[in-house]
Amino acid sequence: MDKVLDERKKRILKAIIKTYLETGEPVGSRTISKYTDLNVSSATIRNEMSDLTDMGYIIQPHTSAGRIPSDKGYRLYVDELMSEKEAEIQEIKELMIEKTDKMEKVLKQVVRVLASNTNYATMISVPKYRGSRLKFIQLSRISGLQLVAVVVTDGNVVRNQIINLDEEMDDETILKLNLLLNTNLNGLPIEDINLGMIARLKEQAGIHSKVVATVLDAVAQTIHVEEEDMQIYTSGATNIFKYPELADKSRASELISAFEEKEQLAALIQKSLDSDTGTGIQVYIGGENSIQTMKDCSVVTATYELGEGMHGTIGIIGPKRMDYENVVDNLKILKTQLDEIFRKKT
């Protein structure tokens, strides 16, 4: 009767390979029996290891009672690992597309309601990731001289980067690079990936240091956000004309222009994010705000957080005599509502 590679055998094989990759030593049944999720006896593990040997997934060095993975075992492990990661990445992408579509609709509605409730001009930025940690890195082969590096941070930001190779790389080397990168970087704040760490990883990678450097560049790019890339939705700009002190034709025109071009708003939002001390709400009166065309206005901003390091800013622009109590109350309510909407499971 042919032996079948069932789920238990796969789990035991995976445990053997992971242990061998960590230690470099042949793996015995007693070591594997310590894996609590297997929940089988040492005798059963010995029988399964014997079957795995017969099936060619592991081999027994003649000097040791332990087993090490064969090429066939490595191949199964790598194929399953890559399949799992690709499925996870696809799931993340689909979730992010769904969330992004939902977010755009919600944020546009938020600024409209806020402008209507306050009779002032309003803005809201699409949240960006701050303080991201690296979730995992996956190197996969595209062709003989090309790899793709998929970098995922804890906010489920996915970045793909093509890596061109000078010479073909075998599967075992790709696996070792995946292990090197993930062992050293998973869970690490991206800002902690400094020159010293990069140099050490490149040294450990030996002749493949160029690949490691390219992957680390992709990691850095996942949090490299330019201000001009900031998405901002606005509403109620024409409310400015309701206030005589702002309704002067040239002054109102400058304010409307600032809302349309959004570069100055992006700078103001970035300042708000950088200056946030934890209270979330900041008030800039007249000359205190960084936009020259708003020197006769007051700007009230609130930083909101959607979890996993996502931060954005809601802002209200009006005359210096704005109803500050009403504005602050509105912003506090919206902060809470946004938090509730986006923290729900989708």
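We're numbering straight along the sequence, starting at 1.
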Study note, to complete from the structure: Hits for ring-ring contact (aromatic ring centres under 6.0 Å, His included) against Tyr74, two or more places apart or cross-chain, chain-then-number order -> none
Review point. Backbone N or O of Met322 within a donor-acceptor pair of the Tyr243 side chain at under 3.5 Å?
Key: no
Review point. For Lys210, what residues pass the salt bridge (charged side-chain N to carboxylate O under 4.0 Å, His left out) criterion, not counting sequence neighbours?
Key: Asp166
Check your understanding: Taking atom CD1 of Ile68 and atom CD of Glu25, what is their separation to the nearest 0.5 Å?
Key -> 10.5 Å
Study note, to complete from the structure: Rounded to the nearest 0.5 Å, the OG1 atom of Thr118 sits from the CD1 atom of Ile316 at a distance of 5.0 Å
Review point. Just by modelled atom types, is the Val148 backbone N or O under 3.5 Å from a matching donor or acceptor in the Ser140 side chain?
Key: no
Point to revise | Distance-minimising heavy-atom pair for Met123 and Val111 | key: C-CG1, 3.6 Å
Exercise for review: Begin with the C-alpha distance, continue with both residues' side-chain angles, and end with the deciding distance and a verdict on side-chain contact (heavy atoms from CB on, under 4.5 Å) for Val327 and Val283.
Suggested key: CA-CA 10 Å; Val327 164; Val283 181; over 6 Å; no
**Study point:** Nearest heavy-atom neighbours spanning Tyr120 and Pro319
**Key:** CE2-CD, 3.6 Å
Contacts under 3.5 angstrom, residues 50-59 side chains, donor-acceptor by atom type, not counting sequence neighbours:
residue: Asp51; atom: OD1; partner: Lys3; partner atom: NZ; Å: 3.2
residue: Thr53; atom: OG1; partner: Met49; partner atom: O; Å: 2.8
residue: Thr53; atom: OG1; partner: Arg67; partner atom: NE; Å: 2.9
residue: Asp54; atom: OD2; partner: Lys3; partner atom: NZ; Å: 2.6

Check your understanding: Are any of the side-chain heavy atoms of Tyr20 and Ile17 separated by less than 4.5 Å?
Key -> no
Exercise for review: Would you sort out whether Lys320 and Glu245 count as a salt bridge (charged side-chain N to carboxylate O under 4.0 Å, His left out), showing the intermediate values?
Suggested key: CA-CA 9 Å; Lys320 293 179 191 176; Glu245 63 268 46; over 6 Å; no
Check your understanding: Tell me, do Arg112 and Thr122 make a side-chain contact under 4.5 Å, heavy atoms counted?
Key -> no
Check your understanding: Between Glu172 and Lys176, is there a side-chain N and carboxylate O pair less than 4.0 Å apart?
Key -> yes
Check your understanding: Hey, are the side chains of Ile232 and Thr313 touching, using non-hydrogen atoms and a 4.5 Å cut-off?
Key -> no
**Study point:** With Ile124, the side-chain contact (heavy atoms from CB on, under 4.5 Å) member among Leu107, Leu114, Val106
**Key:** Leu107
Point to revise | Value rounded to 0.5 Å, distance of CZ in Arg141 from CG in Leu165 | key: 8.5 Å
**Study point:** Asn178 (side chain) donor-acceptor with Leu139 (main chain) under 3.5 angstrom
**Key:** yes
Review point. What do the steps show when you test Phe241 against Leu246 for side-chain contact (heavy atoms from CB on, under 4.5 Å), and what is the final call?
Key: CA-CA 6 Å; Phe241 295 112; Leu246 302 177; over 6 Å; no
Review point. Is a side-chain donor-acceptor pair under 3.5 Å present for Asp170 with Thr173?
Key: yes
Exercise for review: Take atom NZ of Lys332 as the centre, draw a 6.0 Å sphere, and report whether it contains more than 12 heavy atoms from other residues, nucleotides or ligands.
Suggested key: no
**Study point:** Enclosure of Asn119 CG (heavy-atom neighbours >12, cutoff 6.0 Å)
**Key:** yes
Exercise for review: Looking only at non-hydrogen atoms, find the nearest pair between Ile281 and Val300 and report the distance.
Suggested key: CG2-CG1, 4.1 Å
Practice item. Look only at the side chain of Thr31 and the backbone of Val27, and say whether a donor-acceptor pair between them is shorter than 3.5 Å. Key: no
**Study point:** Min side-chain heavy-atom separation Val150-Ile137 under 4.5 Å
**Key:** no
Study note, to complete from the structure: Shortest non-hydrogen pair, Lys9 vs Asp6, comes out as N-OD1, 2.9 Å
Practice item. Find the distance between CD (Gln282) and CD (Glu288) and round it off to the nearest 0.5 Å. Key: 11.0 Å
Check your understanding: From Leu331 CG over to Asn326 CG, what is the distance, rounded to the nearest 0.5 angstrom?
Key -> 9.5 Å
Exercise for review: Determine the minimum heavy-atom distance between Ala237 and Ala121, stating which atoms define it.
Suggested key: CA-CB, 4.0 Å
Check your understanding: Taking side chain as C-beta onward, heavy atoms only, is Thr301 less than 4.5 Å from Tyr284?
Key -> yes
Check your understanding: Would you say Tyr77 and Lys18 make side-chain contact, with heavy atoms under 4.5 Å?
Key -> yes
**Study point:** Lys14 bridged to Glu80 by N-O distance under 4.0 Å
**Key:** no
**Study point:** Distance, nearest 0.5 Å, that separates OG1 of Thr44 from CD1 of Ile12
**Key:** 8.0 Å
Review point. Would you say Thr183's side chain and Leu179's backbone share a donor-acceptor pair under 3.5 angstrom?
Key: yes
Practice item. Answer whether the closest heavy-atom distance between the side chains of Ile162 and Ile142 falls below 4.5 Å. Key: yes
**Study point:** Closest heavy-atom pair and its distance - Ile45, Ser29
**Key:** CG2-CB, 3.8 Å
Point to revise | Shared hydrophobic cluster for Val113 and Ile314 (ILVMFWY, side-chain gaps under 4.5 Å) | key: no
Exercise for review: Check the side chains of Ser298 and Tyr324 for a donor-acceptor pair under 3.5 angstrom, ignoring hydrogens and angles.
Suggested key: yes
